[in-house]
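First the proteins, then the strands, lettered A, B, ... as listed; each starts at 1.
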Amino acid sequence: MNIEELKNQENKIEPVHFIEEIIRKDLSEGKNQGRLHTRFPPEPNGYLHIGHAKAILLSYGLAKKYNGKFNLRFDDTNPEKEETEYVESIKEDLRWLGADWEDREFYASDYFDQLFDWAVMLIKQGKAYVCELSPEQVSENRGTPSVPAKSPFRDRPIQESLDLFQRMKNGEFPENSMTLRAKVDLASPNMHMRDPIMYRIKHASHHRTGDKWCIYPTYDWTHGQSDFIEGITHSLCTLEFENHRPLYDWYLDQLTKPGDYRPRQIEFARLNLNYTVMSKRKLLRLVKEKYVSGWDDPRMPTVSGLRRRGFTPESLKIFAEKVGIAKRENIIDFSLLEYAVREDLNKKAIRVMGVIDPLKVVITNYPEDKTEMLEAVNNPEDESMGTRQVPFSRVIYIERDDFMENPSKKYFRLSPGNEVRLRYAYFAKCTDVIKNDKGEITEIHCTYDPESKGGNSPDGRKVKGTIHWVSANDAVEAEVRLYDRLFLNESPDDVEEGMDFISNLNPESLIIKKAFVEPYLKNAKPKEKYQFERIAYFSVDYDSTPENLIFNRTVTLKDSWSKMKQ
RNA sequence: UGACCUAUUGUGUAAUGGUAGCACAACAGACUCUGGAUCUGUAUGUCAAGGUUCGAAUCCUUGUAGGUCAGCCA
């Protein structure tokens with residue numbers, strides 16, 4: 001490291017968000033034996049989206065950075081909503097993101113026995129009781145924030161509760177007939193503390209425990225205890241659980257003594273992105289009603305959708321880092337996500353030439369039957385990625401956009417009489433414009449300068465524009481799927497009376513076109529990333545084959561020309 | 001309506017009582033065999049009002065605005 005770099009190092013103060021600050025403090029004070037242990041607790045009832053990715057990267061990243069551990073724990077306390085299919089997709093997404101839970105794949109349902117024993121203990125201590133109110137009655141008796149709740153069964157004898165709870169477990173009672181409630185505080189201004197329900201009766205089959213149980217613990221009674229069982233030290237979650245924290249702590253108080261190890265819940269603001277929706281309900285609707293092709297449709301903000309679109313784990317890490325961690329509600333610009341993926345792909349993607357909207361060009365002074373190979377750089381950002389050979393011949397395709405019959409002053413591309421560089425090939429000058437009966441341009445005639453082979457003229461003359469091309473005889477046809485934002489409005493829920501977010505869908509979020517690409521791409525494999533020069537980054541789709549190449553547009557290149565035109 | 005939380009440029013996020021900075025976006029320019037990348041520059045901000053202090057984005061008070069909670073969902 002030279003002096004300059006050292007200086008930079010010193011001046012660069014690493015920004016530390018409030019959660020990391022807490023962790024550093026806890027670690028330095030030797031709390032919990034100086035351990036750091038985080039977890040990601042998804043409910044297996046849907047696919048992960050980019051908001052989950054932020055949470056995963058946070059919890060895993062912190063554990064990794066401070067030599068801690070990271071658990072994966074499925075929060076499967078509601079047998080009616082959860083499915084094994086989701087367990088698999090969630091694990092795949094985590095692996096892809098690089099979050100390594102090692103051998104610690106847990107399920108809240110693993111703790112049902114322990115949870116039951118602790119519940120019995122609380123009943124014996126007079127801190128929990130069986131309540132025979134129906135769901136409607138519980139709701140009626142809940143009171144309002146300023147009026148205390150009522151609970152007629154809270155003072156029933158311990159033995160009676162013990163007996164009833166055992167019989168609840170044995171399946172003697174129908175659903176909704178009774179619950180186990182913690183005796184906390186009916187008058188608390190925090191509604192979660194008004195004798196919260198710990199167990200409810202559900203005669204449902206669970207994806208892991210089968211028919212063993214007909215009572216299931218609620219989230220509040222499960223989550224903190226699961227953290228405790230696993231030795232979690234910092235339990236990170238989103239803001240809507242803030243009001244649950246006193247209850248989280250109350251339950252833990254019943255199991256621990258002051259000074260003992262205990263997990264701590266810390267909340268941060270969830271991620272929101274404009275031009276998309278994030279709620280499981282809405283995403284599910286897009287899938288079910290076929291507005292998209294599935295959970296992994298490249299327009300979806302799901303981890304699997306982003307992956308298919310061409311995002312890399314690194315690009316999501318860049319994104320998550322730029323977004324930051326704080327407690328205020330936020331709506332992140334979609335452009336930050338685009339920036340993150342460009343940032344990563346710019347360094348990694350092989351450059352190729354492909355023409356999406358072809359215009360035929362005949363190089364009139366180039367030999368009829370000649371084809372020559374020209375050397376092209378694979379990535380100007382990374383010399384180690386080498387070069388490749390690109391065929392050139394008399395008839396080529398260029399982008400229709402790259403020719404203008406009556407150009408404005410600022411237009412650097414091909415126009416009558418104007419000379420441009422054909423990338424990696426030759427200088428070429430437009431001599432004729434051929435049109436059909438309707439006056440539409442059907443082909444362009446050019447002459448080339450044989451002296452300018454490789455893209456530079458020995459006389460040192462400069463051209464302002466460089467355009468891409470493919471040799472017509474050698475071109476390979478490919479399908480390109482041009483993806484754009486799923487919604488037209490940055491707030492999809494911002495709709496007129498009587499409408500919903502569906503009315504804001506962008507009808508042009510997917511446009512499929514045939515393109516001509518250079519033969520180098522003949523063997524492009526699914527998931528490979530390419531930059532079509534001057535156009536966009538593309539990722540080879542899972543369904544792509546050598547006979548039927550499919551490229552998904554991840555994100556366009558920045559385009560200052562299109563801005564200038566406006 | 002009660003409790004809890006939040007408020008810094010267009011969007012995010014720092015500044016931990018001492019020069020309001022960074023990123024994205026925007027705009028202007030340089031450079032360029034990608035109108036890409038890179039580089040340089042510009043404009044825009046502390047919710048409001050009081051108070052404490054030599055000094056307040058930061059502490060206090062009161063407002064205002066927004067979020068969360070009254071599922072046997074998580």
Can a side chain N or O of A:R534 be found less than 4.0 Å away from OP1 or OP2 on B:G35?
yes
[atom1] spacing across the pair [N] / [M], given as an integer number of angstrom:
N	M	atom1	result
B:G63	B:G2	P	11 Å
B:G12	B:U16	P	23 Å
B:G71	B:U52	P	47 Å
B:U6	B:U13	C1'	15 Å
B:A14	B:C22	C1'	7 Å
B:U58	B:U53	P	16 Å
B:A30	B:G35	C1'	14 Å
B:C24	B:U46	P	23 Å

Report which part of the nucleic acid [X] touches: base, sugar-phosphate, or nothing (heavy-atom distance under 4.0 Å, all strands).
X	result
A:R351	base
A:I535	nothing
A:P380	base
A:R413	base
A:I467	nothing
A:F532	nothing
A:I332	sugar-phosphate

Dot-bracket pairing map - RNA chain B, Watson-Crick plus G-U, both contacts under 3.5 Å, | cross-strand:
.((((((..((((....[..)))).(((((.......)))))....(((((..]....))))))))))).....
Electrostatic pair [X]:[Y] at N-O distance under 4.0 angstrom:
X	Y	answer
A:D227	A:R73	yes
A:E175	A:R200	no
A:E240	A:R270	yes

Protein-nucleic acid N or O pairs under 3.5 Å, nucleotides 15-20 of chain B:
unit_1: B:U16; atom_1: N3; unit_2: A:E21; atom_2: OE1; d: 3.2
unit_1: B:U16; atom_1: N3; unit_2: A:E21; atom_2: OE2; d: 3.3
unit_1: B:U16; atom_1: O4; unit_2: A:E21; atom_2: OE1; d: 3.1
unit_1: B:U16; atom_1: O4; unit_2: A:E21; atom_2: OE2; d: 2.1

Is the distance between the ring centroids of A:Y251 and A:W118 less than 6.0 Å?
no
Aromatic ring proximity A:F74/A:Y86, centre distance under 6.0 Å
no
By a strict heavy-atom criterion of less than 4.0 Å, which residues belonging to residues 272-281 of chain A are in contact with RNA chain B?
none
In B/S/- notation, 5' to 3', how is nucleotides 69-74 of chain B contacted by protein heavy atoms closer than 4.0 Å?
SBSBBB
Base of B:G36 paired with side chain of A:E381 (donor-acceptor, under 3.5 Å):
yes
side-chain hydrogen bond (donor to acceptor under 3.5 Å, both in side chains) between A:E267 and A:Q265: does it pass, once the steps are laid out?
CA-CA 7 Å; A:E267 312 85 13; A:Q265 173 179 304; 3.1 Å; yes
Identify all pairs in which a protein N or O lies below 3.5 Å from an N or O of nucleotides 42-48 of chain B, and state each distance.
none

Can you tell me the distance, in whole Å, between the CG atom of A:N330 and the P atom of B:U6?
14 Å
Earlier contact from the 5' end, RNA chain B, for A:A269 and A:A425:
A:A269
Interface polar pairs with nucleotides 22-29 of chain B, N/O, under 3.5 angstrom:
unit_1: B:A26; atom_1: OP1; unit_2: A:K563; atom_2: NZ; d: 2.7
unit_1: B:A26; atom_1: OP2; unit_2: A:K563; atom_2: NZ; d: 3.4

